[in-house]
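See below for the structure under consideration.
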Amino acid sequence: MHGRSFIRGAFILTIAHVIDRSIGFVFRIILSNILGSEGTGIYQLVLPIYFVSITFLTSGTMSVISRFISEERAKGNKKNMFKILKISFILVLIVAFSVFAIIFLNAWFIAEKLLHEPRTHLSILIFAPVLVIVTSSSVFKGFFQGAINMVPASISEIVEQIVRVSLTLYLLKLFSGAKLEYLVAIAIFGISVGEIVSFLMYIFFYKREVKIIEREMPYDGKEWSSIYIAKLLVFTSIPITFSKLIVNALDLVESLLIPSRLVTSGVSHREAMSEFGKLFGMAIPLAYMPAVITSSLSTTVLPAVSEAAALKKWKAVRLRINQAIGYTTLVAFPAITLFLIIPDEISRLLYPSSPGVGDFVRVVSYGSIFAFLETVVASILHGLGRQKVVLRNSLIWLVVCITGMYYLTSIPSLRLFGYVYTFIFADALILVLNFLDLRKLTRVEIDLSNWVIKPLFASLAMGVTVLITHSKLLATNVNMWINLSLSVLLGIIVYFSVAQFLRLPYIEDLRKMILRKN
């Protein structure tokens, strides 16, 4: 277990996420074009049910396992590590089988009465059983995160994505003439098979990890009782589960409420599903691409700060916070700049049959930085045991979002843009509230220069470069794929060159995290 660290773990997981999300992003584009905006809308109705179920079953448990495994790892107590894993499995499987039964037996009611879309029925039946598998995988994932071993999750994610994409595209080609509801069901089936493969890989990696732990760790520390562990897991995970469930619950509310509110604004049900698909199935995944980095950072920073806090190393905690936020803005600002200056060009290239996506991308991008930073800050607070604070602020966020969704989406002059403005405001609000608590707890200082000014200045230089290059190549009638690829590549080179010139510390860290332990 030597040589494992927060930065190296984040780097490994980021590379895996980039590969995983790149494959997934290309697949999402292909799938959106196959299903069309209406089919994508149906697909987006099913996914929130799936993700809400997974969040309820896994988010709190995975975070808590990661936190306590990392603390016991810091103390060298492997007996408690294995005991935490065992009790976690028992608890989550009991809940997982219960949720699976409820959803499977009420699939028609969910499709017909809640989603008001009977074509989602088959997809719900398909994903319900796999919830047990996903829940089991999350226990392993939390264990590896706590052990600061990001390799199993990284490899499993990539293999899972490859299996999912390959199988789905093959089946979609095989049944290309099928009804829309069957094509959507095929996409959900692909997700299910991918999760099964991922679970089998976690079992393989766990057997290897046990040998390493047995060889390198002592039995130091007091052994916890099974009842104590069960209580600790349940009561600590509840606030985390609900705070993360709130985010996915909003996705569910969006599926239930937005189409009907759009119809109220004066569009047909078909048009409402089309617009819903454009925003949630195309624009938001595109504008939130930097989440590849923030999700990696939020995953690795939780056990890192938990371990440092357990040993009372508050200087190390502040360093991890600084690094996590710094890397987030390092990646987010240039990506946001691209989506603000050429959203129409990118959207037309990726979604040629769905006009208007670029308008959504531009507006979503304006406030995406708040969402990226909030993800990381919330994870840090979870690692420091501030679950109730995150839950309280998440409830405030939910109320703001639902209020705006209900009232603004039905206004003909705003429609979905009104809702986008609402969740941008809500993301900014919860970021401020969470960061104020984090600063009070850790006394971390705001590094305005390295977090904002330098990356923002480098991003502006990149944006000017991209616009000039794109304009020049446009005049020569170069293929648009080549045009945008060269423009963005040159812009990225300029961005990192300017950031290096401004001595942004995280640029040097990129080299260090590859070459040596950080």
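Sequence positions, counted from 1, serve as the residue numbers for this chain.
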Is there a side-chain contact between [X] and [Y] (heavy atoms, below 4.5 Å)?
| X | Y | answer |
| --- | --- | --- |
| Ile229 | Phe68 | no |
| Phe205 | Met201 | yes |
| Leu257 | Tyr406 | yes |
| Met405 | Glu254 | yes |
| Trp108 | Ile124 | no |
| Leu384 | Leu438 | yes |
| Leu57 | Val134 | no |
| Lys83 | Lys86 | no |

Taking [X] for the side chain and [Y] for the main chain, is one N or O donor matched with an acceptor at less than 3.5 Å?
| X | Y | value |
| --- | --- | --- |
| Ser379 | Thr375 | no |
| Lys388 | Pro239 | no |
| Gln161 | Asp20 | yes |
| Thr236 | Leu233 | no |
| Asn33 | Ile29 | yes |
| Ser70 | Ser66 | yes |
| Ser368 | Ser365 | yes |
| Ser237 | Val234 | yes |
| Asn80 | Trp224 | yes |
| Ser138 | Thr135 | yes |

Give the ring-plane orientation class for [X] versus [Y], where under 30° counts as parallel, over 60° as perpendicular and anything between as tilted.
| X | Y | answer |
| --- | --- | --- |
| Phe140 | Tyr206 | tilted |
| Phe276 | Phe280 | tilted |
| Tyr419 | Phe423 | perpendicular |

Evaluate whether atom [atom1] of [X] has more than 12 neighbouring non-hydrogen atoms of other residues, nucleotides or ligands under 6.0 angstrom away.
| X | atom1 | answer |
| --- | --- | --- |
| Phe189 | CZ | no |
| Phe100 | CZ | yes |
| Ile227 | CD1 | no |
| Phe242 | CZ | no |
| Tyr288 | OH | yes |

Once you round to the nearest 0.5 Å, how far does [atom1] of [X] lie from [atom2] of [Y]?
| X | Y | atom1 | atom2 | value |
| --- | --- | --- | --- | --- |
| Asn434 | Ser394 | CG | OG | 6.5 Å |
| Leu429 | Ile424 | CG | CD1 | 13.5 Å |
| Glu160 | Leu200 | CD | CG | 11.5 Å |
| Ile90 | Ile94 | CD1 | CD1 | 7.0 Å |
| Leu35 | Leu183 | CG | CG | 6.5 Å |
| Leu279 | Leu416 | CG | CG | 5.5 Å |

Stepwise side-chain contact (heavy atoms from CB on, under 4.5 Å) check, Leu172 with Thr168 = CA-CA 6 Å; Leu172 286 173; Thr168 303; 3.8 Å; yes
What pair of heavy atoms forms the shortest contact from [X] to [Y], and how long is it?
| X | Y | result |
| --- | --- | --- |
| Val376 | Ala324 | CG1-CB, 3.5 Å |
| Val184 | Ser123 | CG1-OG, 3.6 Å |
| Pro285 | Gly281 | CG-O, 3.7 Å |
| Ile65 | Phe143 | CG2-N, 3.6 Å |
| Ala287 | Phe372 | O-CZ, 3.9 Å |
| Trp451 | Thr329 | O-OG1, 2.8 Å |

### Task
Go through the steps for Met81 and Asn77 under the test side-chain contact (heavy atoms from CB on, under 4.5 Å), then give the verdict.
CA-CA 7 Å; Met81 291 174 66; Asn77 194 338; 6.0 Å; no
Run the side-chain contact (heavy atoms from CB on, under 4.5 Å) test on Leu115 and Ile49 for me, step by step, so that the C-alpha distance in whole Å, both residues' side-chain angles and the decisive distance to 0.1 Å come before the verdict. CA-CA 10 Å; Leu115 300 181; Ile49 303 290; 4.3 Å; yes
Walk me through whether Val390 and Ile240 qualify under side-chain contact (heavy atoms from CB on, under 4.5 Å).
CA-CA 8 Å; Val390 178; Ile240 300 178; over 6 Å; no
Tested for salt bridge (Lys or Arg N to Asp or Glu O under 4.0 Å) against Glu214, the lone hit among Lys78, Lys79, Arg208, Lys207 is Lys78
